[in-house]
Amino acid sequence: MSRKIVIAGGSGLLGQYLTPVLQEKGYEVTILSRGKPKIENGVSYVYWDGETIGDWAKEIDGSYAVVNFTGRSINCIYTKKNKEEIINSRVNSVNILWQAIKQAKTAPQAFVNAGALAIYGNTREKCNEDSPHGTGFSAKVCQLWEEAFYGQSHPLVRQTLFRIGIVLTPEAGALEPLKKLVKLNLGGTVGSGKQYFSWIHIEDMIRMIIRAIEDESMQGTYNAATPKAPTNKEFMQTIRKVMGKRFAPPAPTPFVWLGAYLFMRTEPEIVLEGRYGYPKRLLNEGFEFVYEDLERALNNLINNH
């Protein structure tokens, strides 16, 4: 059987961490990207636009699995144009990948897709995979994303979707701006501080994806976050402790709104809203987190890299 994994949108953060792990396990990796075609560090980069069938579709035929991370960043102001791009980039990529899978002579045995915990909306309830969906733009995006993924199927292809929390990595990603704020003694509670911060260490996230690729019993929707979600206040206290900072002034909601729009050029809801995504299915199926404790995870990411 083929050992090729095709990663759509693999040039992004998750793809950068997943690719070397797959290579270490003996897989051949092809990344579908909007950049120029190239071969680098043993990885083949193939151009696609995420919307139409092209030569890239040949990469799907005979591959072992397809992993899709495609999606325009939500870290922006939600203008009408940006909203359309956020939705279309996710829905169109899923639809065109299904088209390539269905026209392949030999379909991959697994199709793994990214999703987000934002589907539960802004809530303080503990949400497992069966919890009701929320309201608002972010929840709508996730709903449309999942409908596109599950709206089609193939008899030989397993479908797995991860509703991903905030992925913590040593460099770049969500942790980087928070570290900078703490260094400047500005890493205090954001808004009310009561919003939940569902997170996952990059190592555990990659282990989940590998499992979804290889485990033939794994299919359907999974929450990808640690079992215990801290509030924003608890998270910021912990990161200050890990970085040796005792106190930082809080950022009241009005200042967050002002700063988000004027300086960060992003939607304030990204930091003011939250949800508690509980990984019920993963735990029931025996998945063990390497980094379940927040302080241990942050020590690893901040002080050991």
Side-chain angles (χ1 to χ4, degrees), residues 13 73-79 82 86 116-118 120-127 134-139 164-205 224-278 289 291-305:
L13 190 67
S73 173
I74 61 168
N75 190 14
C76 61
I77 293 176
Y78 289 164
T79 61
N82 286 343
I86 288 170
L117 291 177
Y120 301 115
N122 180 31
T123 176
R124 294 179 190 168
E125 300 294 322
K126 182 189 285 190
C127 300
T135 57
F137 175 68
S138 296
I164 302 173
I166 299 165
V167 182
L168 302 182
T169 58
E171 298 175 355
L175 192 56
E176 197 64 30
L178 296 177
K179 285 160 53 180
K180 289 179 180 178
L181 287 174
V182 172
K183 285 180 182 178
L184 294 170
N185 294 315
L186 297 173
T189 299
V190 177
S192 71
K194 295 178 181 179
Q195 66 274 34
Y196 279 110
F197 191 99
S198 274
W199 63 276
I200 183 168
H201 190 290
I202 185 62
E203 183 177 325
D204 284 325
M205 187 70 248
T226 52
K228 296 180 181 178
T231 61
N232 171 270
K233 180 179 181 180
E234 292 166 339
F235 184 89
M236 297 311 297
Q237 285 175 337
T238 306
I239 192 172
R240 290 199 305 271
K241 179 180 178 182
V242 168
M243 295 183 67
K245 300 286 187 178
R246 292 190 176 184
F247 173 77
T253 298
F255 290 107
V256 175
W257 273 82
L258 188 65
Y261 282 126
L262 293 182
F263 305 110
M264 298 175 70
R265 303 300 295 168
T266 193
E267 284 293 318
E269 73 171 58
I270 292 175
V271 291
L272 290 175
E273 295 185 359
R275 69 279 310 168
Y276 186 158
Y278 183 72
F289 288 82
Y291 294 98
E292 190 171 330
D293 177 75
L294 177 60
E295 186 173 340
R296 178 169 176 266
L298 290 175
N299 261 312
N300 171 263
L301 294 166
I302 296 171
N303 297 326
N304 294 342
H305 284 84

*Please report the C-alpha distance between L175 and I239 in whole Å, then the side-chain angles of each, then the deciding distance to 0.1 Å, and finally whether the side chain to side chain contact (heavy atoms under 4.5 Å, CB included) criterion is met.*
CA-CA 10 Å; L175 192 56; I239 192 172; 3.7 Å; yes

*Aromatic ring pairing Y276/Y196, orientation class (parallel under 30°, perpendicular over 60°, tilted between)*: tilted

*asked:* Does E292, at its CD atom, have more than 12 non-hydrogen atoms belonging to other residues, nucleotides or ligands within less than 6.0 Å?
replied: yes

_Inter-residue atom distance F197.CZ - I166.CD1, 0.5 Å rounding_ = 3.5 Å

_Side-chain (D204) to main-chain (F289) donor-acceptor, under 3.5 angstrom_ = no

*Quick check: are there more than 12 heavy atoms from other residues, nucleotides or ligands sitting under 6.0 Å from NZ of K179?*
yes

*Nearest 0.5 Å please: distance from the CD1 atom of I164 over to the CH2 atom of W199.*
15.0 Å

*With sequence neighbours excluded, what pairs up with E273 under the side-chain contact (heavy atoms from CB on, under 4.5 Å) test?*
N122, E269, R275

*asked:* Please check if the number of heavy atoms outside E176 that lie under 6.0 Å from its CD is greater than 12.
replied: yes

_For the NZ atom of K245 and the CG atom of L181, what is their distance to the nearest 0.5 Å?_
12.0 Å

*Please name the pair of heavy atoms, one in R240 and one in G188, separated by the smallest distance, quoted to 0.1 Å.*
NH1-CA, 3.7 Å

*For S138 and A118, which heavy atoms make the closest approach, and how far apart are they?*
CB-CB, 3.9 Å

_Residues Q237, K241; criterion side chain to side chain contact (heavy atoms under 4.5 Å, CB included); working and verdict_ = CA-CA 6 Å; Q237 285 175 337; K241 179 180 178 182; over 6 Å; no

*So, Q195 side chain and G193 main chain: donor-acceptor pair closer than 3.5 Å or not?*
yes

*With sequence neighbours left out, write down each residue that passes side-chain contact (heavy atoms from CB on, under 4.5 Å) with S73, or none if nothing qualifies.*
N75

*Verify, without hydrogens or angle tests, whether T189 (side chain) and S192 (backbone) share a donor-acceptor contact under 3.5 angstrom.*
no

*To the nearest 0.5 Å, how far apart are CE in M205 and CG in L168?*
12.5 Å

*asked:* Using 0.5 Å steps for rounding, measure from the NZ atom of K194 to the CG atom of L272.
replied: 14.0 Å

*Check for a donor-acceptor pair, side chain of S198 on one end and backbone N or O of A225 on the other, with a separation under 3.5 Å.*
no

*Quickly, which of L294, V242, D293 forms a side chain to side chain contact (heavy atoms under 4.5 Å, CB included) with N299? Name it, please.*
V242

